[in-house]
Amino acid sequence: MTLDSIGDWVRTHYSGNVTPELDGVEITLFGWVQEVRDLGGIRFIIMQDREGTLQVTIPKKRVAPEVLSKSDTLQKRFSIGVKGTVKKTNMTSRGIEVIPKEIRVFNVAAEQLPIDITGKTPANIETRLDARALDLSLEQNAAAFKIQHTALSAIRDFLFEKGYLEVHTPRIIASATEGGAELFPVDYFGQKAFLAQSPQLYKEQLTMSLEKVFEVGPFFRAELSHTRRHLSEFVSVDVEQAFASAEDVMKLLEQVIQFTCKAIAEKCAKELAALKYRATIPEIPFKRFTYDEVLADLAKEGVTIPWGEDITTEAFRVLGKNRGYYYFITDWPTKSKAFYIKPKDGNPELCEGFDLMWRWIELVSGGTRIADKNLLMERMKEKGLNPDSFKYHLQAFDYGMPPHAGWAIGLERLTMVLTGKKNIREVALYPRDRSRLTP
RNA sequence: GCCCAGGUAGUAUAGUUCGGUCCAGUAUAUGCGGCUGUCGCCCGCAGGACCCGGGUCCGAAUCCCGGCCUGGGCGCCA
């Protein structure tokens with residue numbers, strides 16, 4: 001069929017801002033055909049754009065012949081423009097419909113779509129991700145990303161307001177940040193390099209100059225994880241601050257989380273409705289439990305963790321049931337945390353690292369960092385790392401490294417919490433995991 | 001890396017226990033026809049599938065072996 005050019009048409013409204021008050025007004029809409037319902041003498045075109053849907057009504061005997069013939073050709077997902085008149089009516093749930101004066105078809109679509117875009121026969125996540133571009137045309141699937149956008153916007157607003165500078169550290173690095181095994185190797189002009197798993201060392205160095213920084217960006221973990229909460233490529237929201245302790249950045253974190261939840265509650269009613277999920281605004285301060293307290297409570301529940309060991313997923317699930325929503329776990333054994341986490345003064349078996357949990361999921365981890373070069377090198381060795389491969393990082397500690405602390409939020413995990421999604425792949429546009437590299 | 005489960009039309013599923021009643025049922029989608037107020041429109045008709053390879057058997061969607069792919073759990077972590 002012959003396609004139309006957009007010509008001089010300019011969108012006047014999104015579907016979402018057409019209201020009964022516009023009765024009689026001529027408008028121009030752009031979007032896609034979501035559904036055609038033809039009753040014989042009258043035809044309904046459900047047109048969709050980013051903001052929602054709108055009914056275009058074609059009473060066959062009362063529209064121009066060229067409008068009727070053009071509407072004959074329409075199929076699901078055709079990209080179209082409609083110029084028409086808003087009509088107030090009590091026959092649609094929105095209270096409005098549009099009677100077209102001209103329809104333009106910009107592009108066609110396959111007759112048989114790989115997923116059902118009306119949502120009557122929901123597809124599996126695997127099928128949906130294979131057709132992700134189309135999958136995101138479903139309101140409930142796009143909703144999570146609108147919420148993610150709002151969350152990130154709130155986080156940025158909050159941190160800007162508090163004087164944090166947004167920075168960008170390298171994604172291509174020469175050596176491991178925290179260990180060796182979980183990095184993706186890349187060939188860098190013949191040199192061996194890796195994709196960054198975290199901005200940790202760079203953001204610490206930046207506290208020497210910019211003092212309060214944050215970074216939002218993707219990081220890469222070559223772990224063979226196979227769960228609903230892991231990705232090979234994920235977005236981290238990292239904060240690092242000079243002259244601060246774990247407690248200082250925990251206070252910052254709980255404010256960031258609360259502010260973000262408020263923003264979602266205020267701005268995302270439509271998206272939450274599409275997801276059939278309710279926003280909750282947590283009270284602060286969040287509860288704080290020490291590692292020892294958690295172990296003691298777990299023991300009462302019949303789950304024994306030897307002191308010094310990491311808390312297992314099974315144990316976290318038990319914890320999640322009776323701890324409620326957001327809670328901190330503090331005072332971890334030093335040996336269970338990364339080498340750069342500061343041991344407690346006077347009790348080096350414990351450290352100033354913390355995790356922020358949401359039920360059983362680790363949302364954020366952070367802590368006070370080691371600012372002393374010798375101690376840091378000692379901790380590297382204890383972790384089996386070679387200080388020589390951290391030469392440039394360690395050098396920074398010769399020039400006045402301040403006491404500092406920070407944390408990192410897993411953006412997709414936060415989005416899971418905010419949207420109620422149970423699989424992290426739902427909240428990553430094009431997820432990368434152990435077995436998925438496309439699309 | 002270890003463990004478990006599963007691959008049936010475009011999509012989602014029934015059937016697999018205990019091989020034959022299944023040249024595979026249903027819904028939705030698609031195509032064609034009909035219908036002037038639908039909004040999961042409705043009605044009729046049509047086409048469309050047993051992951052791949054091997055084996056057992058008179059007979060395999062069903063049982064066995066191998067492969068490929070997927071989902072989930074553990075560990076690791078955001």
Side-chain angles (χ1 to χ4, degrees), chain A residues 34-47 53-63 75-77 87 89-95 97 99 109-131 134-135 138 177-179 181-182 197-200 216-239 309-317 336-338 355-358 361-366 407-417 422-425 427-428 433-436:
Chain A
Q34 186 187 54
E35 206 166 0
V36 179
R37 284 194 284 271
D38 193 324
L39 274 66
I42 191 166
R43 173 180 290 149
F44 304 104
I45 312 292
I46 309 303
M47 190 176 166
T53 60
L54 193 62
Q55 178 171 296
V56 176
T57 304
I58 297 156
K60 292 188 187 173
K61 288 182 180 158
R62 287 187 278 132
V63 295
Q75 294 176 9
K76 283 190 172 78
R77 287 305 298 174
K87 189 178 157 200
T89 173
N90 55 13
M91 300 210 252
T92 65
S93 50
R94 290 273 309 278
E97 62 188 351
I99 311 298
E111 278 175 359
Q112 186 76 75
L113 300 171
I115 58 171
D116 171 15
I117 59 162
T118 64
K120 280 178 246 176
T121 310
N124 295 324
I125 183 76
E126 170 199 352
T127 309
R128 287 178 43 207
L129 291 175
D130 284 341
L134 182 61
D135 176 59
L138 275 83
T177 314
E178 298 174 26
E182 59 279 278
Q197 62 169 190
S198 151
Q200 185 61 35
V216 179
F219 290 97
F220 308 89
R221 305 263 166 105
E223 302 283 358
L224 292 170
S225 296
H226 204 169
T227 77
R228 290 175 296 172
R229 59 189 188 286
H230 287 89
L231 293 169
S232 305
E233 176 175 353
F234 69 102
V235 175
S236 182
V237 179
D238 269 85
V239 160
E309 297 296 307
D310 239 325
I311 296 168
T312 61
T313 302
E314 182 204 6
F316 274 134
R317 286 182 195 269
S336 72
K337 286 286 175 188
D355 283 353
L356 176 65
M357 307 295 299
W358 186 83
I361 294 174
E362 297 163 273
L363 255 195
V364 183
S365 81
W407 41 253
I409 306 176
L411 181 63
E412 290 88 354
R413 287 191 181 176
L414 178 63
T415 310
M416 287 171 80
V417 171
K422 299 278 189 289
N423 190 325
I424 199 163
R425 280 169 280 202
V427 297
D433 62 35
R434 181 183 194 168
S435 58
R436 181 174 288 277

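Just so it is clear, the values below take in all heavy atoms, side chains as well, and ignore hydrogens, waters and symmetry mates. Residue numbers start from 1 in every chain, and the chains themselves are labelled A, B, ... in the order their sequence lines are given, proteins ahead of strands.
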With rounding to the closest Å, how many angstrom separate the [atom1] atoms on [N] and [M]?
N: B:rG67; M: B:rA12; atom1: P; result: 27 Å
N: B:rC51; M: B:rG47; atom1: P; result: 23 Å
N: B:rG6; M: B:rU62; atom1: P; result: 14 Å
N: B:rC50; M: B:rC23; atom1: P; result: 14 Å
N: B:rG31; M: B:rG53; atom1: C1'; result: 36 Å
N: B:rU16; M: B:rC63; atom1: C1'; result: 10 Å
N: B:rA14; M: B:rG7; atom1: P; result: 9 Å
N: B:rA27; M: B:rG48; atom1: C1'; result: 15 Å

Can you find a side chain N or O atom of [X] that sits less than 4.0 Å from OP1 or OP2 on [N]?
X: A:Lys337; N: B:rC77; result: no
X: A:Arg37; N: B:rG37; result: no
X: A:Arg425; N: B:rG72; result: yes
X: A:Arg221; N: B:rC77; result: no
X: A:Ser365; N: B:rA78; result: yes
X: A:Lys120; N: B:rA29; result: yes
X: A:Asn124; N: B:rA12; result: yes

[X] near the nucleic acid: base, sugar-phosphate alone, or nothing, with a heavy-atom cut-off under 4.0 Å?
X: A:Pro114; answer: sugar-phosphate
X: A:Asp433; answer: nothing
X: A:Lys61; answer: base
X: A:Glu35; answer: sugar-phosphate
X: A:Ile115; answer: nothing
X: A:Val237; answer: nothing

Is a salt bridge present between [X] and [Y], judged by a nitrogen-to-oxygen distance below 4.0 Å?
X: A:Arg425; Y: A:Glu126; value: no
X: A:Arg128; Y: A:Asp116; value: no
X: A:Arg436; Y: A:Asp130; value: yes
X: A:Asp355; Y: A:Lys337; value: yes

Whole angstroms only, please: what is the [atom1]-[atom2] distance between [X] and [N]?
X: A:Asp310; N: B:rA78; atom1: CG; atom2: P; answer: 10 Å
X: A:Ile117; N: B:rA12; atom1: CD1; atom2: P; answer: 16 Å
X: A:Arg228; N: B:rG75; atom1: CZ; atom2: P; answer: 14 Å
X: A:Leu129; N: B:rG72; atom1: CG; atom2: C1'; answer: 15 Å
X: A:Lys422; N: B:rG71; atom1: NZ; atom2: C1'; answer: 17 Å

Does B:rA78 have A:Phe234 stacked on its base, where the ring centres are within less than 5.5 Å and the planes differ by under 30°?
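It does: the two rings, one from A:Phe234 and one from B:rA78, meet the stacking criterion.
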Can you tell which of [options] lies closest to the side chain of [X]?
X: A:Ser93; options: B:rA78, B:rC41, B:rC39; value: B:rC39
X: A:Asp116; options: B:rU30, B:rU28, B:rU38; value: B:rU28
X: A:Ala123; options: B:rG37, B:rA78, B:rA12; value: B:rA12
X: A:Thr227; options: B:rG75, B:rU70, B:rA12; value: B:rG75
X: A:Glu111; options: B:rU30, B:rG1, B:rC41; value: B:rU30
X: A:Ser435; options: B:rG1, B:rG37, B:rU70; value: B:rU70
X: A:Thr127; options: B:rG37, B:rU11, B:rA78; value: B:rU11
X: A:Leu39; options: B:rG37, B:rA27, B:rC74; value: B:rG37

For a quick check, tell me whether the side chain of [X] and the base of [N] share a donor-acceptor pair closer than 3.5 Å.
X: A:Glu97; N: B:rG37; value: yes
X: A:Glu362; N: B:rC77; value: yes
X: A:Ser225; N: B:rC77; value: no
X: A:Arg317; N: B:rG73; value: no
X: A:Arg229; N: B:rA78; value: no
X: A:His230; N: B:rC76; value: yes
X: A:Arg413; N: B:rC77; value: yes
X: A:Gln112; N: B:rU11; value: no

If you assign A:Asn90 and A:Gly410 each to the RNA chain B nucleotide with the nearest heavy atom, which residue ends up on the more 5' nucleotide?
A:Asn90
Closest-nucleotide ordering on RNA chain B, the 5'-leading residue of A:Glu126 and A:Glu314
A:Glu126
Reference residue A:Thr57; test side-chain contact (heavy atoms from CB on, under 4.5 Å); the match among A:Ile99, A:Val63, A:Thr89, A:Ile45:
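The option that passes is A:Ile99.
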Is a side-chain donor or acceptor of A:Arg229 paired with a backbone partner of A:Arg413 at a separation under 3.5 angstrom?
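No: the side chain of A:Arg229 does not pair with the backbone of A:Arg413.
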Closer than 3.5 angstrom, by distance alone: can the side chain of A:Glu412 be matched with the main-chain N or O of A:Val235 as a donor-acceptor pair?
yes
Between A:Glu223 and A:Ser225, is any side-chain donor less than 3.5 angstrom from a side-chain acceptor?
no
Under the salt bridge (charged side-chain N to carboxylate O under 4.0 Å, His left out) test, residues paired with A:Glu97 that sit two or more places apart
A:Lys87
